[in-house]
Number of protein chains: 2
Amino acid sequence: MTTKAVELAKAKVKLTPRRASCAAQDCHACEIRDLTFCAGLDESEIATLSGIALRMHFAKRRVIFHEGDAADMVYNVTQGAVRLCKLTPDGRRQITGFLLPGDFLGLGGRQGYAYGAEAITDVELCRFRRDKLEKLFENHRQLERRLFKIANDELAIAQDQMLLLGRKTAKERLATFLLNLSEREELRGGQGGVVYLPMVQEDIADYLGLTIETVSRTISQLKRDRLIHQTTSHEFELPRIEELRHLAEQT
Amino acid sequence: MTTKAVELAKAKVKLTPRRASCAAQDCHACEIRDLTFCAGLDESEIATLSGIALRMHFAKRRVIFHEGDAADMVYNVTQGAVRLCKLTPDGRRQITGFLLPGDFLGLGGRQGYAYGAEAITDVELCRFRRDKLEKLFENHRQLERRLFKIANDELAIAQDQMLLLGRKTAKERLATFLLNLSEREELRGGQGGVVYLPMVQEDIADYLGLTIETVSRTISQLKRDRLIHQTTSHEFELPRIEELRHLAEQT
DNA sequence: ATCGGTCGATGATCTGAATCAAGGCCGGTG
DNA sequence: CACCGGCCTTGATTCAGATCATCGACCGAT
């Protein structure tokens with residue numbers, strides 16, 4: 001880590017302080033009602049959940065919470081994209097995840113949150129006080145079981161990411177990343193083979209354990225190899241998805 | 001990845017096939033009763049748990065389960081050390097965790113286990129059928145909550161490991177690793193500043209995303225710097241733990 | 001005691017990705 | 001519409017760690 005790099009890295013922490021608008025939530029009308037942990041609840045459960053949910057808006061670049069903050073809230077992303085960041089004291093950053101509509105936010109803390117959360121785009125969130133949610137579990141065990149399942153899924157995803165960070169080449173990392181986004185897009189009802197990248201290349205670099213230059217070069221190379229095709233500034237097509245999958249060395 | 005490396009890597013998969021001895025379990029007499037998810041249960045709960053627990057033994061190098069196996073069992077490690085492995089098709093390996101007495105095994109699968117588990121030393125395990133354990137949850141919510149907490153802890157640990165793999169230098173990785181083991185040793189009632197390493201350097205390399213040569217060289221360097229001191233073939237002292245902590249860039 | 005295998009240490013060399021450096025593109029703004 | 005700043009691209013060079021190659025210590029089996 002050079003001096004210059006440290007300066008640049010410190011500059012990463014120039015986000016707008018936390019601030020957000022709020023409103024009561026109507027879960028019945030929620031756009032992601034079928035996607036996340038509230039999926040498949042019966043009417044009464046939805047109504048109860050609605051009672052403790054608070055709808056929030058965060059503008060692009062706003063901090064939702066910091067690493068180490070008391071972890072007394074959990075969230076559901078209903079619109080936009082969020083990044084989860086960890087920082088070393090000297091400013092190196094690791095992004096441990098990107099959240100998209102339907103994703104759950106706030107698990108994985110012991111004392112405080114294990115990571116900070118920042119809005120990549122304008123973001124709509126549905127917020128729950130953790131203690132109220134846990135109270136709800138007493139009569140709605142289904143909800144608790146679902147949350148446990150989400151924690152399990154995240155754990156499996158984290159393990160995959162460790163394999164990527166520990167053992168994959170830059171090209172394999174990019175291929176894996178694009179395929180993962182494509183799969184999530186499909187789960188959310190989008191078409192396969194098209195991915196939308198709301199984040200900038202610096203975010204991708206910090207997620208994949210690379211530098212922006214390597215990300216840019218590798219994307220250029222994948223384009224030259226016709227494995228990906230950029231349609232707009234934030235959208236890519238994956239025309240030869242099987243080859244990409246092979247490149248990613250999917251275990 | 002060179003051809004030679006692939007050959008070597010494939011050789012990693014020369015473990016003895018799964019086989020183990022079993023016996024009924026008496027949780028009252030368990031040596032780690034205060035350490036793990038059964039800690040602090042009342043007599044009746046311990047008795048119930050005892051009823052569905054099966055004590056197992058795995059010899060050194062034996063496979064406990066493979067990545068992708070149906071995840072219908074969970075375990076508690078009571079003696080010995082276990083490694084969790086993920087492999088790429090061409091044989092590169094990432095170890096996603098080491099388990100020691102008191103640690104829980106088997107979370108983090110979607111369909112099957114997200115990783116394989118192998119005995120590093122001779123291992124004693126306490127095995128539970130997942131469905132029976134879940135049945136138990138209905139009347140023992142405490143147990144379920146504790147398991148959820150374990151999943152949360154593992155998630156936080158996984159995030160820390162991502163930061164390590166994505167952004168730390170070799171020296172920082174080793175320092176972090178040794179400190180983590182030291183902390184776990186203390187939790188298990190051992191003294192701080194002394195760590196026991198049951199695994200070989202190849203395992204450490206595959207856990208930290210390095211090669212065996214780099215691990216060996218870095219350990220040599222830490223010894224020269226008098227930050228660690230090797231007492232026996234598997235035991236180290238950390239005489240200047242604060243300096244080591246600084247080196248590890250603890251966030 | 002002798003072998004054979006595993007494990008760890010260390011030197012020499014190579015290389016993938018980082019770093020350093022310079023421009024280019026584009027969208028927003030005065 | 002010209003300027004500015006954020007973001008991306010690409011070339012040149014460096015470097016941390018990988019790879020390749022030995023060697024020695026240890027240990028269990030014969």
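What you see is a predicted model; the values in this text were computed from it and never measured. Hydrogens, waters and symmetry mates play no part in the numbers below; they use all other heavy atoms, side chains included.
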Under 4.0 Å between a side-chain N or O of B:S216 and OP1 or OP2 of C:dT10? no
Between B:S233 and C:dC7, does any side-chain N or O lie under 4.0 Å from OP1 or OP2? no
In whole angstrom, what separates A:Q230's CD from D:dC7's P? 15 Å
Separation of C:dG8 atom C1' from B:D203 atom CG, nearest Å, is 14 Å
Applying side-chain hydrogen bond (donor to acceptor under 3.5 Å, both in side chains), can you list everything that pairs with B:E186, at least two apart in sequence or on another chain? none
Give the rounded distance in Å between these two atoms: CD1 of A:I212 and C1' of C:dC25. 15 Å
Nearest-angstrom distance from the residue atom CD1 of A:I120 to P of D:dC7: 12 Å
Specify the angle, to 10°, made by the local axes at the two ends of the helix from C:dA1-D:dT30 to C:dG30-D:dC1 when five pairs are taken at each end. 30°
Let's see if you can work this out: which of D:dT9, C:dG8, C:dT10 has an atom nearest to the side-chain heavy atoms of B:V200? C:dG8
In whole Å, what is the span from the CG atom of A:L174 to the P atom of D:dT9? 11 Å
Only counting residues at least two apart or in another chain, list the ones meeting side-chain hydrogen bond (donor to acceptor under 3.5 Å, both in side chains) with B:D203. B:R83, B:R93
Indicate whether any N or O donor in one side chain lies under 3.5 Å from an N or O acceptor in the other, for A:T96 and B:Q159. yes
Could you pull out all residues at least two apart from A:Y113 that satisfy ring pair (Phe, Tyr, Trp, His ring centres under 6.0 Å)? A:F65
Gap between atoms NZ and C1', on A:K60 and C:dG27 respectively (whole Å): 11 Å
Not counting sequence neighbours, which residues clear side-chain hydrogen bond (donor to acceptor under 3.5 Å, both in side chains) with B:R240? List them please. B:E243
C:dG8 C1' sits how many Å from B:I219 CD1, rounded? 9 Å
If you restrict it to nitrogen or oxygen atoms, what contacts under 3.5 Å exist between nucleotides 15-18 of chain D and the protein, and what is each distance?
from   : atom 1 : to     : atom 2 : distance (Å)
D:dG17 : OP1    : B:A170 : N      : 2.9
D:dA18 : OP2    : B:T211 : N      : 3.4
D:dA18 : OP2    : B:T211 : OG1    : 3.1
D:dA18 : OP2    : B:T214 : OG1    : 2.4

Using side-chain hydrogen bond (donor to acceptor under 3.5 Å, both in side chains) as the criterion, list what pairs up with B:E124, not counting sequence neighbours. B:R55, B:H57
When you compare the side chains of B:T176 and B:K168, does any donor N or O come within less than 3.5 Å of an acceptor on the partner? yes
So, using side-chain contact (heavy atoms from CB on, under 4.5 Å) as the criterion, who are the partners of A:H234 when residues are at least two apart? A:Y196
Rounding to an integer number of Å, can you tell me how far B:H234 NE2 sits from D:dC27 P? 10 Å
N/O (side chain, B:Q201) to phosphate O (OP1/OP2, C:dA9) under 4.0 Å: yes
Among residues at least two apart in sequence or on other chains, which ones pass ring pair (Phe, Tyr, Trp, His ring centres under 6.0 Å) with A:F104? A:F37
